[in-house]
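Below, chain A is the first sequence line, B the second, and so on; all start at residue 1.
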Amino acid sequence: MNYREQAAQAFSQAAVQAFGQEVTPAEALALMEVPPDPAMGDFAVPCFKLAKVLRKAPPAIAQAVAAAACGFAGSVQAAGPYVNFFVDGALFARDTLQAVFAQGKSYGGSQEGAGRVICLDYSSINIAKRFHVGHLYTTAIGNALNKVFLHLGYQTVSINHLGDWGTQFGKLIVAFRRWGDRAAIEADPLNALTAIYVRFHDEAEKDPALEDEARLWFRRIEEGDGEALALFAWFKELTLREANKMYQLLGITFDSYAGESFYNDKMGRVVEELRQKNLLKVDQGASIVDLSEEGMPPCLILKSDGATLYATRDIAAALYRADTYHFSQALYVVASHQELHFRQFFKVIEKMGYPWAGGLHHISYGMVSMEEGAMSTRKGRITYLDELLERSIEKTRAIIEEKSPDLPDRDLVARQVGVGAVLWAPLYNNRIKDIVFSWDRMLNFDGETAPYAMYTHARCCSVLRKARESSAAEDAPDYQCLAEPYAQSVVRALARFPAAVAEVAERYEPYLLGRFAIELCQAYNKFYYERRVLGEPAPVTAARLQLTRAARDVLALTLHLMGIAAPERM
RNA sequence: GUGCCUGUAGCUCAGCCGGAUAGAGUGUUUGGCUACGAACCAAAAGGUCGGGGGUUCGAAUCCCUCCAGGCACGCCA
């Protein structure tokens, strides 16, 4: 039984004793909250709602319950209409540290996901397009969720659903055949391809025949024409080569790169099944699934010329993933502007009668824009991820030169900190907020940032290193010295970690990890300034070393779940 | 026009399944490195929680309405 449950139990018993009336432990637990200030207690039960049941004023109830409470490992006090529970600090510290050490890398984990599979569709880059900051959001969020679900015992399938199908590839082939320079493209693939693609659009405005030519070349890809396929495969290879540089730097891998083209031969089944289930209806020449009863516009399945559409492909992909992976949940980490599309095709799958439709979730995040307006390749209003990472790493390197000139592995650490700083942005705020990109905010390394969290981790490592050098031991700790407020706030943070991880999974909100990391760091840094670890009487040093080690371990684990490295020095 | 989302300190945001004085960071002003890492810590200043109604013992939080911004709304993905 944890302290919270113990408090509820004590409350329940005291209420029965004082009023002879039943307040079950479950009811007490439901009322229980954490006071705004730790000085008020670790847990509290406000007695307002009990006033009607017990027919007494809330402060009187609180008074009577506090007086009768027993069996709680700490003290119980009434404060106005609240019953406040103060956990015994030494016991709390001991239990929390023991749990952290005993569970190690699986602290805060569980087996709730045992035997269950979650598919995560994220990053999902487009062929022949350069990776920009918008992709950073889907990539970082998806990666963090993936790690959290693994931590909770799920089997996960991370899928990079490549945007590798559509008429734009016909355009690209036309552009390449007219203006392409193979050597220039090999040298700088994505910029060169983007340049000729943009040129295609400019020229097509003057010469609409180019569009027809593009459609023709796209049909050739579909028909398996040798030249068309070879070019298409080359574009794809170049894109993946560039993307992999990025993924390698970010430390991200995928289980599958099955993208849009993978489902080319799996579309017929969707149409056939929809027809068979009587869901398909012809409207204005196109085939649709009517969703007016659900208050949504219709979902378009076939164009009037019989070609499939975006939704058709996503339905095919969902059916394939259900058959192949037998997922309990499938998550799509995609920006919020596609919300309607997801609601529509999820609903279609539900109407098809698949029970797993309830496990489909759109994990939407806010639109990323520039200060001057929406991102636009053609207007040059865009920030590319490689450039962002490069500048972040450069800045880190400069700081290292200044502050830690003797640091070994400077290049590696500069990369870890620089990349961590960039990954932080999508993992520190609520997903749904729109984002206006700012270099200053992105490259801020002070305050609530990844470098701050990494710095705190390195500081803990440093203390532990010095302890080893001076042979300070962690044995025979005096946990009583961790009962003071500075140590207790670190302990409280450590104890909260499992709940934080669980909430990330429940709400699909990785930013809670970032918030947790900062909470722990702030608590530890204050502790560090107010209390000495080394050079104290052995039992005191032992206890504070344990606290330091636990903070270091949980911080490293938190950063790991966020996909951020935790160097020992920086 | 319809639907969804957002609006909290100068700026960026927590808090939103109702509870104790609305919190951080950043920026500004100021203090702290001859003891374990100053990418740190501390102090000050900064708020009609977009406006207005309602529900409640109690509302930033729930409901209604208005305003502002973002996004989406049939043959692109």
Side-chain angles (χ1 to χ4, degrees), chain A residues 31 33 35-37 40-41 44 46-49 51-52 57-58 79-82 84 124 126 163 165-168 260 283-288 295-311 313-314 335-341 343-344 364 366-367 369 374 396 399-400 402-404 417 421 425 428-430 432-436 438 440-441 444-456 458-467 469-470 472 511-512 514-515 518-519 521-522 525-536 541 544-545 548 569-570:
Chain A
L31 290 173
E33 58 192 42
D37 181 345
M40 298 168 171
C47 297
F48 304 99
K49 292 200 172 73
K52 278 182 188 140
Y82 294 89
N84 291 336
S124 301
N126 291 315
W165 200 248
T167 46
Q168 70 265 34
E260 293 175 355
D283 191 86
Q284 299 170 33
S287 297
I288 64 162
M296 280 186 269
C299 183
L300 266 76
I301 303 296
L302 293 176
K303 298 202 265 191
S304 26
D305 67 1
T308 58
L309 282 151
Y310 187 36
R313 203 167 287 270
D314 269 345
S336 60
H337 69 290
Q338 294 205 36
E339 207 216 5
L340 179 59
H341 163 72
R343 280 177 48 219
Q344 287 178 312
S364 69
M367 301 301 294
S369 60
T396 309
I399 294 173
I400 290 174
E402 186 200 328
K403 306 196 179 197
S404 331
V417 177
Y428 196 63
N429 288 321
N430 211 303
I432 200 60
K433 308 260 185 182
D434 286 341
I435 302 103
V436 178
S438 146
D440 286 347
R441 274 201 294 279
N444 171 33
F445 290 7
D446 300 324
E448 301 168 338
T449 64
Y452 171 75
M454 297 165 103
Y455 176 83
T456 307
R459 169 180 266 176
C460 291
C461 289
S462 173
V463 173
L464 295 168
R465 200 159 47 233
K466 289 224 158 48
E469 285 163 9
S470 64
Y511 84 93
L512 296 166
R515 298 280 157 179
I518 293 306
E519 178 188 328
C521 289
Q522 286 178 338
N525 284 325
K526 282 175 187 161
F527 165 78
Y528 179 88
Y529 268 87
E530 299 295 334
R531 303 284 180 251
R532 251 199 97 65
V533 177
L534 302 175
E536 296 290 305
T541 286
R544 291 181 179 163
L545 273 176
T548 300
R569 301 174 198 249
M570 60 186 271

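If you measure from atom CG of A/Asp434 to atom C1' of B/rC71, you get 8 Å, rounded to the nearest angstrom. In this structure, the CD atom of A/Gln344 is 12 Å from the C1' atom of B/rG3, given to the nearest Å. The distance between atom CG of A/Asn429 and atom P of B/rG7, rounded to the nearest whole Å, is 12 Å. Note: CG (A/Leu300) to P (B/rC76) measures 9 Å, nearest angstrom. The NZ-P distance, from A/Lys303 to B/rC75, rounds to 10 Å in whole Å. The separation between A/Lys433 atom NZ and B/rC16 atom C1' is 10 Å, rounded to whole Å. B/rA35 atom C1' lies 14 Å from atom CZ of A/Arg544, rounded to whole Å. Per the geometry, CG belonging to A/Asn444 stands 13 Å off C1' belonging to B/rC13, to the nearest Å.
Taking A/Glu448 as the reference, nothing meets the salt bridge (charged side-chain N to carboxylate O under 4.0 Å, His left out) condition, with sequence neighbours excluded.
Although no hydrogens or angles enter the test, the distance criterion places a donor-acceptor pair under 3.5 Å between the side chain of A/Thr548 and the main chain of A/Arg544.
Taking side-chain N and O atoms only, A/Tyr511 has a distance below 4.0 Å to OP1 or OP2 of B/rG15.
Contact of A/Ser336 with B/rC71 (side chain to base): no donor-acceptor pair of N or O atoms is detected under 3.5 Å. For B/rA35, its base sits under 3.5 Å from the side chain of A/Arg532 at one donor and acceptor pair at least.
Toward the 5' end of RNA chain B, the nearer of the two residues A/Ile518 and A/Arg515, judged by each one's closest nucleotide, is A/Arg515.
Applying the side chain to side chain donor-acceptor pair (under 3.5 Å) test to pairs two or more places apart or on separate chains, those with a residue in residues 298-311 of chain A are A/Tyr310-A/Gln338.
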Protein proximity profile, nucleotides 39-44 of chain B - base contact B, sugar-phosphate-only contact S, no contact -, cut-off 4.0 Å on heavy atoms: BBSS--
